[in-house]
2 protein chains.
Amino acid sequence: MGNYLKYDSEYPEENIYESECPVIYALSIVGQKWKLPIMWYLFKNECTRYNDLKRQVKGITNMMLTKSLKELEEHGLIYRKQYEVIPPKVEYSLTERGKALLPTLDALYYWGKDQIEIDKLKNKNYDI
Amino acid sequence: MGNYLKYDSEYPEENIYESECPVIYALSIVGQKWKLPIMWYLFKNECTRYNDLKRQVKGITNMMLTKSLKELEEHGLIYRKQYEVIPPKVEYSLTERGKALLPTLDALYYWGKDQIEIDKLKNKNYDI
DNA sequence: CTGCATCCACATCGATACTG
DNA sequence: CAGTATCGATGTGGATGCAG
């Protein structure tokens with residue numbers, strides 16, 4: 001306990017974006033719009049094909065799905081299994097490291113849920 | 001345990017960005033570039049003035065600091081205390097709700113730290 | 001079926017200068 | 001001291017069409 005956002009940098013004067021804060025780094029990996037939804041569906045369905053994901057992650061385009069999957073794979077959060085058949089068949093699944101992120105998101109989930117309630121009570125509607 | 005990224009929507013067919021996923025919502029509040037660093041410094045120094053923050057959060061501009069502080073205050077994560085003196089004096093501090101987020105970030109911290117190690121071992125340098 | 005390429009809209013962020 | 005205002009750069013996400 002009690003470490004929180006401690007930065008490892010030995011140079012306290014530098015911009016933290018030039019050091020390597022693990023929290024910032026984590027968010028740079030999964031903080032974009034579609035990464036978490038994709039991981040969420042892969043958590044529910046251990047093994048999912050490209051078009052299944054596209055159907056389940058409502059509103060995502062081919063471009064963003066492809067891009068997100070590729071980046072998640074490069075960071076070792078998901079596993080891509082390609083079958084050499086025609087027509088092509090590709091299955092995606094979470095790696096252990098990908099699954100390891102979910103409990104943390106669980107905590108974020110409950111915090112966010114409280115926030116939503118609070119903001120509703122305050123009648124804050126952000127419709128410009 | 002075990003709820004993870006469960007969405008509350010009663011309409012499973014809709015785009016999740018039209019429902020209210022608490023995780024997405026949480027990231028919309030603290031996911032931007034400077035919010036977490038600011039909160040981190042407010043956690044270390046219970047009460048901090050505007051220009052102190054500007055000095056400590058290396059690289060931030062007046063505009064981004066002002067904007068971030070205002071949004072954090074609107075969401076009830078920080079408290080703004082203004083003294084009616086000349087020259088102006090304003091102190092910022094974390095609210096209980098703001099502090100409640102830190103343990104979650106702690107978990108993200110350790111996950112991100114492991115990720116950094118893994119990426120280093122893979123010799124992945126993203127310098128185009 | 002599983003993507004990639006192109007072009008474009010929009011939001012975020014930064015640099016600089018200025019104010020009560 | 002504690003901000004605002006303006007403009008411009010950059011990046012992220014979207015629409016559409018095409019390819020292996």
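Here is how names work: the chains are called A, B, and so on, in the same order as the sequence lines, proteins then strands, and each is numbered from 1. The figures here come from the full heavy-atom set of this structure, side chains too, leaving out hydrogens, waters and symmetry mates.
Partners of B:E84 under the side chain to side chain contact (heavy atoms under 4.5 Å, CB included) rule, at least two apart in sequence or in another chain, are B:Q82. Contacts of A:T95 classified as side chain to side chain contact (heavy atoms under 4.5 Å, CB included), with partners at least two apart in sequence or in another chain: A:Y79, A:R97. Taking A:T66 as the reference, A:Y50 meet the side chain to side chain contact (heavy atoms under 4.5 Å, CB included) condition, with sequence neighbours excluded. For A:W34, the ring-ring contact (aromatic ring centres under 6.0 Å, His included) criterion is met by B:Y17, not counting sequence neighbours. Among residues two or more places apart in sequence or in another chain, the salt bridge (Lys or Arg N to Asp or Glu O under 4.0 Å) test is passed with B:K67 by B:E71. Listed by chain and residue number, nothing satisfies the side chain to side chain donor-acceptor pair (under 3.5 Å) test with B:K89 (two or more places apart in sequence, or in another chain). Under the side chain to side chain donor-acceptor pair (under 3.5 Å) criterion, A:Q32 pairs with A:K35, sequence neighbours left out.
Atom NZ of A:K81 and atom C1' of C:dT2 are 17 Å apart (whole Å). When the C1' atom of C:dT12 is taken as reference, atom CD of B:E71 falls 11 Å away, rounded to whole Å. What separates CG of A:L69 from C1' of C:dG3 is a distance of 10 Å, to the nearest Å. Protein atom NZ of B:K54 is 10 Å distant from nucleotide atom C1' of D:dA2, rounded to whole Å. When the P atom of C:dG14 is taken as reference, atom CG of B:L65 falls 12 Å away, rounded to whole Å. In this structure, B:L53 atom CG and D:dG3 atom C1' are separated by 13 Å, rounded to whole Å. Straight-line distance from the CD atom of B:E84 to the P atom of D:dG3: 12 Å, rounded to whole Å. As a whole-Å value, the separation of A:Q82 CD from D:dG20 P is 15 Å.
For B:T66, whose side chain is taken as the heavy atoms from C-beta onward, the closest listed nucleotide among C:dC4, D:dG14, D:dT4 is D:dT4. Residue A:K70 places its side chain closer to C:dC4 than to any other of D:dG3, C:dC4, C:dG3.
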Pairwise N/O distances under 3.5 Å, protein to nucleotides 18-20 of chain C:
none

Check nucleotides 10-13 of chain D against the protein and report each pair of N or O atoms closer than 3.5 Å, with its distance, or say if there are none.
residue, atom, partner, partner atom, Å
D:dG13, OP1, A:K33, N, 2.9

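Between B:R55 and D:dA2, a side-chain N or O to OP1/OP2 separation shorter than 4.0 Å is absent. Between A:R49 and C:dC1 there is no side-chain N or O to OP1 or OP2 distance below 4.0 Å. Contact check, A:Y92 against C:dG3: a side-chain N or O comes under 4.0 Å of OP1 or OP2.
For the residue pair A:L27 and B:L27, the shortest heavy atom distance occurs at CD2-CD2, 3.7 Å. Considering all non-hydrogen atoms of both residues, A:I38 and A:S68 come closest at CD1-CB, 3.5 Å. Here the shortest heavy-atom pairing between B:T104 and A:A107 reads OG1-CB, 3.5 Å.
A salt bridge (charged side-chain N to carboxylate O under 4.0 Å, His left out) check over residues 39-53 of chain A, counting only residues at least two apart or in different chains, returns the pairs A:E46-A:K99, A:D52-A:R55.
Between its two ends, the helix from C:dC1-D:dG20 to C:dG20-D:dC1 turns its axis by 50°, counting five pairs per end and rounding to 10 degrees.
Taking Ile, Leu, Val, Met, Phe, Trp and Tyr as hydrophobic and joining them when side-chain heavy atoms fall under 4.5 Å apart, one finds A:Y83 in a cluster with A:V85.
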